[in-house]
Amino acid sequence: MASSLSFLATTASPFHHHHSRHPRKAARAPTHFSPSASGASTNATNASAYDIGGDKESILRLDRRNVLLGTLGGLYGAAALGRENTAVATPIGPPDLSKCKTAHAGTGAEDVKCCPPYKDNSEIVDYKFPTSSTPLRIRKPAHLLDADDLAKYEEAYRRMRALDKEDPWSLEQQARVHCQYCDGAYDQVGFNDVQLQVHFSWIFLPWHRYYIHFHERILGKLIGDDTFALPFWNWDSPDGMTIPPIFLKEGPLNDALRNPANLSRVVDYQYSPTTESPYTDEELKMKNLYQMNKTFRESLPLPELFLGDPVRAGEEASASKTMGQIESIHNAPHQFVGLPDAPFRDMGNLYSSGYDPLFYSHHSNVDRMWHIYRQKRGNKVDFNDPDWLNSSFIFFDENKQLVKVKVADCLNPLKLRYTYEDVELPWANSSIKKKQKAKAKPRSRVSLVEVSEFGPDPRPLDSTIRALVQRPKKSRTKGEKEDDVEVLVIDGIEIPDNGPVNFQVYVAAPYGGNFVGPDLGESAGNFLKLPHFHISKKGDAEKKKFSLKLGISNLIEEIDAEGSEKVVVSLVPKVGDVNIGGIHIDLIKTDWTA
């Protein structure tokens with residue numbers, strides 16, 4: 001790979017694994033907090049202000065004793081499978097097309113008829129993947145497209161928009177695909193009233209990879225170009241953090257239902273439509289780079305932190321599940337671009353986001369983040385679990401054929417005959433340094449705030465919650481940190497299903513036991529959910545419960561809290577009516593085995 005991936009130390013030989021003989025365990029310290037309802041973290045599966053510059057050594061380097069993350073020189077070298085599978089459920093499967101129903105768009109929007117024109121599962125065949133002789137599609141940054149590529153891109157959408165709305169290739173029908181799998185149009189086969197949902201879990205990235213793949217091939221077919229590739233919105237680079245200009249000019253790439261206040265602004269990975277950002281554009285760019293850096297750095301040893309929790313047949317994807325942090329980051333550009341008020345069209349709401357061509361460019365970059373993540377893990381299988389690998393979906397392909405695909409076949413983009421142009425990764429090459437702060441020692445405790453443990457009862461997040469949280473173990477050795485990731489878990493996040501939700505999470509070291517200063521500490525991440533509606537069996541709007549997992553192993557070192565038995569966790573609300581069930585810290589075994 002190019003030097004932009006050099007933030008990881010590598011070995012001279014391929015990464016060797018020893019398969020574990022036992023399920024991955026979570027070691028939890030005794031707390032007064034509510035236990036996790038998910039259980040997903042214990043399922044055994046195999047498969048502030050900062051200076052950011054191009055410094056000598058990146059903090060993204062993960063020391064794994066004598067073995068690091070394997071040789072990254074080859075894009076798709078053989079990688080041993082990581083965890084022993086003990087899954088006992090079944091994989092998510094395609095819906096029964098004949099049972100599509102009205103979807104629910106949320107507050108301020110009418111129910112949506114987004115069912116497809118095709119209704120017969122008997123027409124579905126297994127997808128025939130492109131052969132190795134098929135031209136490779138190379139996805140490029142949208143803000144750097146040349147005139148020829150832009151002309152093809154515009155012409156492809158011009159033709160897609162001109163199709164009859166009932167044509168499966170039309171933009172109308174392409175947008176409906178996202179609505180069908182996000183807003184309750186289908187139940188899981190065999191499980192009435194269990195919504196088939198492709199967000200909030202480990203199928204988020206694979207499903208969207210296929211969705212973009214077929215959308216790209218249909219666009220190419222419309223202009224007779226089998227090399228056509230979707231550009232990616234390069235929002236992980238400072239030069240690409242605004243909406244690419246090609247989407248703002250009058251023409252087929254534009255969309256009238258965007259937030260006019262944000263057309264030229266820098267996207268904020270923690271964006272809220274109701275809160276004005278206090279940061280300058282340059283400060284936002286710096287904050288974004290840090291958050292992307294931290295997301296990769298904390299989640300590399302534990303895929304569910306990046307991709308999301310397991311979901312199996314019969315389970316609700318949103319039932320106390322944790323979305324991966326890349327999905328939370330992905331939600332921010334959605335809200336940033338979409339209309340700021342209910343019903344939050346187009347990019348601002350799950351049911352309607354596919355109507356904006358920018359959606360597909362945005363998701364091309366989301367897919368690119370997964371591609372980079374897998375490279376940094378030596379292309380090791382994220383979850384060696386048949387319930388993930390055999391999860392399957394159906395799409396309408398560029399030959400107007402309904403095809404079935406499964407997760408295991410999309411891990412290598414070359415099998416789908418596309419790749420990404422190699423561009424710099426500023427967030428990966430940067431060494432992030434905390435600003436030098438004088439550790440002011442107050443003259444008295446009057447200026448400090450006393451905090452207590454969260455307690456057994458849920459609490460409304462109507463103002464900042466500061467809680468003292470017990471760590472499972474202090475002063476962990478290097479080897480212990482390599483074996484177990486320290487994970488902050490926010491449990492029982494009860495939220496209204498029909499509106500946006502956003503709160504931020506900070507971690508600080510306490511002073512002298514149970515006191516903390518006025519500073520919130522360092523950002524550990526955030527919970528950001530797009531508007532999404534669900535109807536209960538009683539027929540009314542239903543509140544849903546989620547959880548949030550944030551890796552904090554490196555963060556604990558950054559705030560000099562390794563020797564602390566407890567840390568202060570601050571939850572800061574930005575938008576949405578939220579209740580919090582509990583807060584605790586787990587030690588979760590990594591999928592790296594030495």
Side-chain angles (χ1 to χ4, degrees), residues 101-115 171-172 175-185 195 197-200 243 247 254-263 265 267-277 316-318 323 327-359 362-363 460-463 493-504 526-536 538-546 572-579:
K101 54 189 177 182
T102 300
H104 307 287
T107 300
E110 296 180 357
D111 287 350
V112 181
K113 296 180 180 179
C114 59
C115 295
L171 186 59
E172 172 79 21
R176 287 187 180 187
V177 172
H178 200 254
C179 172
Q180 293 156 23
Y181 292 93
C182 306
D183 289 88
Q195 181 178 323
Q197 171 60 258
V198 297
H199 295 81
F200 318 123
I243 296 175
F247 293 97
N254 207 332
D255 187 284
L257 300 179
R258 293 178 183 155
N259 187 344
N262 291 338
L263 297 182
R265 289 183 176 179
V267 68
D268 181 354
Y269 290 179
Q270 298 181 339
Y271 175 76
S272 169
T274 62
T275 306
E276 187 69 25
S277 173
E316 281 274 12
S318 56
M323 75 176 90
E327 183 176 355
S328 184
I329 290 176
H330 130 279
N331 287 342
H334 267 279
Q335 283 196 342
F336 178 83
V337 174
L339 292 181
D341 302 308
F344 308 103
R345 294 240 359 190
D346 273 354
M347 279 274 282
N349 200 318
L350 288 181
Y351 87 94
S352 60
S353 56
Y355 288 99
D356 189 338
L358 182 55
F359 166 88
H362 168 49
H363 268 277
L461 186 57
D462 48 15
S463 61
I493 304 171
E494 186 179 63
I495 59 178
D497 238 7
N498 56 0
V501 173
N502 189 358
F503 65 84
Q504 295 171 278
N526 68 317
F527 180 92
L528 199 165
K529 187 193 77 70
L530 289 170
H532 167 66
F533 201 66
H534 187 78
I535 297 295
S536 72
K538 297 178 181 179
D540 54 355
E542 183 179 44
K543 284 194 172 185
K544 304 297 292 183
K545 284 188 177 180
F546 296 80
V572 181
K574 297 188 75 174
V575 63
D577 176 19
V578 183
N579 289 320

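For clarity, every value in this text was computed on a predicted model and none was experimentally measured. What's counted below: heavy atoms across the whole structure, side chains too, no hydrogens, waters or symmetry copies.
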Enquirer: So, do His334 and Phe359 have ring centers that fall under 6.0 Å from each other?
Expert: yes
Enquirer: Can you measure from OG1 (Thr275) to CG (Asn502) and round to the nearest 0.5 angstrom?
Expert: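 These two atoms lie 7.5 Å from each other.
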Enquirer: Checking Arg345 against Tyr355: charged group under 6.0 Å from the ring centre and within 45 degrees of the axis?
Expert: yes
Enquirer: Tell me every residue that passes ring-ring contact (aromatic ring centres under 6.0 Å, His included) with Phe527, counting only those two or more places apart in sequence or in another chain.
Expert: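 Partners of Phe527 by the ring-ring contact (aromatic ring centres under 6.0 Å, His included) criterion, ordered by chain and then number, come out as Phe503, Phe546.
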Enquirer: Please walk me through it: do Asn262 and Tyr271 pass side-chain hydrogen bond (donor to acceptor under 3.5 Å, both in side chains)?
Expert: CA-CA 11 Å; Asn262 291 338; Tyr271 175 76; 3.1 Å; yes
Enquirer: Glu494 and Asn579: side-chain hydrogen bond (donor to acceptor under 3.5 Å, both in side chains), yes or no, with the steps?
Expert: CA-CA 5 Å; Glu494 186 179 63; Asn579 289 320; 3.2 Å; yes
Enquirer: Measure the CG-CG distance between Asp577 and Asp462 for me, rounded to the nearest 0.5 Å.
Expert: 8.5 Å
Enquirer: Assess the residue pair Thr274 and Lys574 against the criterion (side chain to side chain contact (heavy atoms under 4.5 Å, CB included)); give the C-alpha distance rounded to whole Å, side-chain angles, the decisive distance to 0.1 Å, and a yes or no.
Expert: CA-CA 8 Å; Thr274 62; Lys574 297 188 75 174; 5.8 Å; no
Enquirer: Within this structure, what is the CE-CZ distance for the pair Met347 and Arg258, rounded to the nearest 0.5 Å?
Expert: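 Output value for this atom pair is 8.0 Å.
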Enquirer: Going by salt bridge (Lys or Arg N to Asp or Glu O under 4.0 Å), name the residues that satisfy it together with Lys101, two or more places apart in sequence or in a different chain.
Expert: Asp187
Enquirer: What residues form a salt bridge (Lys or Arg N to Asp or Glu O under 4.0 Å) with Glu172, not counting sequence neighbours?
Expert: Arg176
Enquirer: Among Asn259, Val337, Val267, find the one that has a side-chain contact (heavy atoms from CB on, under 4.5 Å) with Ile243.
Expert: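 Of the listed options, the one satisfying the test is Val337.
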Enquirer: Does Ser328 reach the side chain of Asn526, with side-chain heavy atoms less than 4.5 Å apart?
Expert: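 The answer is yes; the side chains approach within 4.5 Å.
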Enquirer: List the steps and the verdict of side chain to side chain contact (heavy atoms under 4.5 Å, CB included) for Phe200 and Glu327.
Expert: CA-CA 8 Å; Phe200 318 123; Glu327 183 176 355; 4.0 Å; yes
Enquirer: Under the criterion side chain to side chain contact (heavy atoms under 4.5 Å, CB included), I'd like the reasoning laid out for Val198 against Cys182: C-alpha separation, chi angles, the key distance, then a yes or no.
Expert: CA-CA 6 Å; Val198 297; Cys182 306; 4.1 Å; yes
Enquirer: Give the intermediate values and the outcome of side chain to side chain contact (heavy atoms under 4.5 Å, CB included) for residues Asp255 and Leu358.
Expert: CA-CA 8 Å; Asp255 187 284; Leu358 182 55; over 6 Å; no
